[in-house]
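My questions all concern the structure below.
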Amino acid sequence: EKKDLVAVKRVHSLMIGSGLDSIAVLGDHLIRLFASCDRLLEANRVFCKVAEPTVYTWSAVISANARLGQGEKALKLYHKMQHSGVKSDKYIYATVIQACSKTADLTQGRLIHGQIIEGGFSSDVVIGNALVDMYAKC
């Protein structure tokens, strides 16, 4: 179900006017709302304004890019997240593995698979399914 884009833009405008557009928890939700309206440019702009992105902020923007056909950008954001010191969670791992699958990037997929094993997430069913899909497609 698509969110009402006019309402999402109104909320975003109010956040900017109130100086709340740099707060991570609000940015997380706004990124997801814009993504649900297929508005990736706006979702990415919201992300850029967040002062200190949390794992949830990163998850929202990586997922938005992967879901809306920008798998390579999702992978770049994932690497940027790693360099920022934010630790990945199982949701981000599943998303970036799906991005590897969609972009047929086996090299990145294998690298991330190693990180999944090191992080102790290899027994997660969702990640396991994403890995099977990636190896089948790559």
Side-chain angles (χ1 to χ4, degrees):
E1 161 184 344
K2 300 278 184 220
K3 302 292 180 189
D4 181 12
L5 182 59
V6 173
V8 175
K9 286 184 175 185
R10 190 174 305 132
V11 169
H12 187 210
S13 180
L14 289 169
M15 285 174 57
I16 292 169
S18 302
L20 300 174
D21 57 328
S22 65
I23 298 173
V25 69
L26 299 175
D28 305 349
H29 293 292
L30 198 56
I31 291 166
R32 285 186 170 79
L33 286 170
F34 273 125
S36 73
C37 295
D38 295 336
R39 302 299 291 230
L40 188 56
L41 181 62
E42 287 92 338
N44 285 328
R45 284 183 181 155
V46 170
F47 175 76
C48 289
K49 295 288 185 181
V50 173
E52 294 180 30
T54 67
V55 67
Y56 305 108
T57 316
W58 284 105
S59 181
V61 75
I62 290 169
S63 177
N65 279 274
R67 189 177 66 76
L68 295 174
Q70 297 299 312
E72 290 179 16
K73 172 120 188 200
L75 292 169
K76 286 179 185 174
L77 285 163
Y78 170 70
H79 292 298
K80 188 175 176 182
M81 179 197 76
Q82 288 182 303
H83 291 295
S84 77
V86 174
K87 299 263 188 240
S88 190
D89 65 11
K90 68 180 185 176
Y91 303 105
I92 292 174
Y93 281 132
T95 300
V96 294
I97 287 297
Q98 290 167 355
C100 290
S101 183
K102 289 180 182 177
T103 59
D105 193 338
L106 184 58
T107 303
Q108 283 296 310
R110 285 182 173 156
L111 176 76
I112 295 166
H113 187 182
Q115 294 168 356
I116 289 167
I117 292 167
E118 288 174 18
F121 292 99
S122 58
S123 64
D124 184 83
V125 173
V126 174
I127 291 174
N129 288 339
L131 286 166
V132 168
D133 183 64
M134 181 198 68
Y135 282 118
K137 290 181 178 175
C138 293

**OP:** Check the surroundings of atom CD in Gln115: do more than 12 heavy atoms from other residues, nucleotides or ligands lie under 6.0 Å from it?
**Re:** yes
**OP:** Please examine the side chains of Asn44 and Ile31, heavy atoms only from C-beta on, and report whether any two atoms are closer than 4.5 Å.
**Re:** no
**OP:** Check whether any side-chain heavy atom of Arg39 sits under 4.5 Å from a side-chain heavy atom of Lys9, and report yes or no.
**Re:** yes
Original post:
How close do Cys37 and Val8 get, heavy atom to heavy atom, and via which atoms?
Top reply: SG-CG2, 4.2 Å
Original post:
When rounded to the nearest 0.5 angstrom, what is the spacing between OG in Ser59 and NZ in Lys90?
Top reply: 12.0 Å
Subject >> Nearest heavy-atom neighbours spanning Thr103 and Glu72 >> reply: CG2-N, 3.7 Å
Original post:
What's the shortest heavy-atom distance between Gly71 and Ala99, and which atoms?
Top reply: O-CB, 3.8 Å
Original post:
What residues, two or more places apart in sequence or in another chain, satisfy ring-ring contact (aromatic ring centres under 6.0 Å, His included) together with Tyr78?
Top reply: none
**OP:** Go through the steps for Ser22 and Val50 under the test side chain to side chain contact (heavy atoms under 4.5 Å, CB included), then give the verdict.
**Re:** CA-CA 4 Å; Ser22 65; Val50 173; 6.0 Å; no
Original post:
Would you say Thr95's side chain and Tyr91's backbone share a donor-acceptor pair under 3.5 angstrom?
Top reply: yes
Original post:
How long is the span from the NE2 atom in His79 to the OG atom in Ser84, to the nearest 0.5 Å?
Top reply: 13.0 Å
Original post:
Nearest heavy-atom pair of Lys102 and Ala66: which atoms, and what distance?
Top reply: NZ-O, 3.5 Å
Subject >> Gap between atom CD1 of Ile117 and atom OG of Ser123 - 0.5 Å precision >> reply: 11.0 Å
Original post:
Roughly how far, to the nearest 0.5 Å, is the CZ atom of Arg45 from the CD atom of Glu42?
Top reply: 6.0 Å
Original post:
Transitively linked via ILVMFWY side-chain contacts under 4.5 Å: Val46 with Val55?
Top reply: yes
**OP:** Look up atom CD1 in Ile92 and atom CD1 in Ile116, then write down how far apart they are to the nearest 0.5 Å.
**Re:** 11.5 Å
Subject >> Pairwise side-chain contact, Ile23 with Lys49, heavy-atom cut-off 4.5 Å (strictly under) >> reply: no
Original post:
Short question: side chain of Ser36, backbone of Leu33 - any donor-acceptor pair under 3.5 Å?
Top reply: yes
**OP:** Kindly indicate, with the supporting measurements, whether the criterion side chain to side chain contact (heavy atoms under 4.5 Å, CB included) is fulfilled by Gln108 and Ile97.
**Re:** CA-CA 9 Å; Gln108 283 296 310; Ile97 287 297; over 6 Å; no
Original post:
Heavy atoms, side chains only, cut-off 4.5 Å: are Leu26 and Asp21 in contact?
Top reply: no
Subject >> Heavy-atom pair with the smallest gap, counting every atom of Asp105 and Cys138 >> reply: N-SG, 4.0 Å
**OP:** For atom CD of Gln82, decide whether the heavy atoms of other residues, nucleotides or ligands shown that lie under 6.0 angstrom number more than 12.
**Re:** yes
Subject >> Sidechain N-carboxylate O distance under 4.0 Å for Arg32, Asp28 >> reply: no
Original post:
What's the spacing between Ile62 CD1 and Leu77 CG if we round to 0.5 Å?
Top reply: 6.0 Å
**OP:** Sort and list the pairs that fulfil ring pair (Phe, Tyr, Trp, His ring centres under 6.0 Å) and have at least one residue in residues 44-69, not counting sequence neighbours.
**Re:** Phe47-Trp58
**OP:** Without swapping roles, check the side chain of Thr57 against the backbone of Thr54 for a donor-acceptor pair under 3.5 Å.
**Re:** yes
Original post:
Any luck finding a side-chain donor-acceptor pair between Glu118 and His113 under 3.5 Å?
Top reply: no
Original post:
Side-chain heavy atoms under 4.5 angstrom apart, residues restricted to Ile, Leu, Val, Met, Phe, Trp, Tyr: same cluster for Leu20 and Val11?
Top reply: yes
Subject >> Asp133 (side chain) donor-acceptor with Asn129 (main chain) under 3.5 angstrom >> reply: no
**OP:** Treating Ile, Leu, Val, Met, Phe, Trp and Tyr as nodes and any side-chain heavy-atom pair under 4.5 angstrom as an edge, say whether Leu40 and Phe34 lie in one connected cluster.
**Re:** no
Subject >> Non-hydrogen atoms of Leu75 and Val96 that approach each other most closely >> reply: CD2-O, 3.8 Å
Subject >> Contacts of Phe121 that satisfy ring-ring contact (aromatic ring centres under 6.0 Å, His included) - sequence neighbours left out >> reply: Tyr93
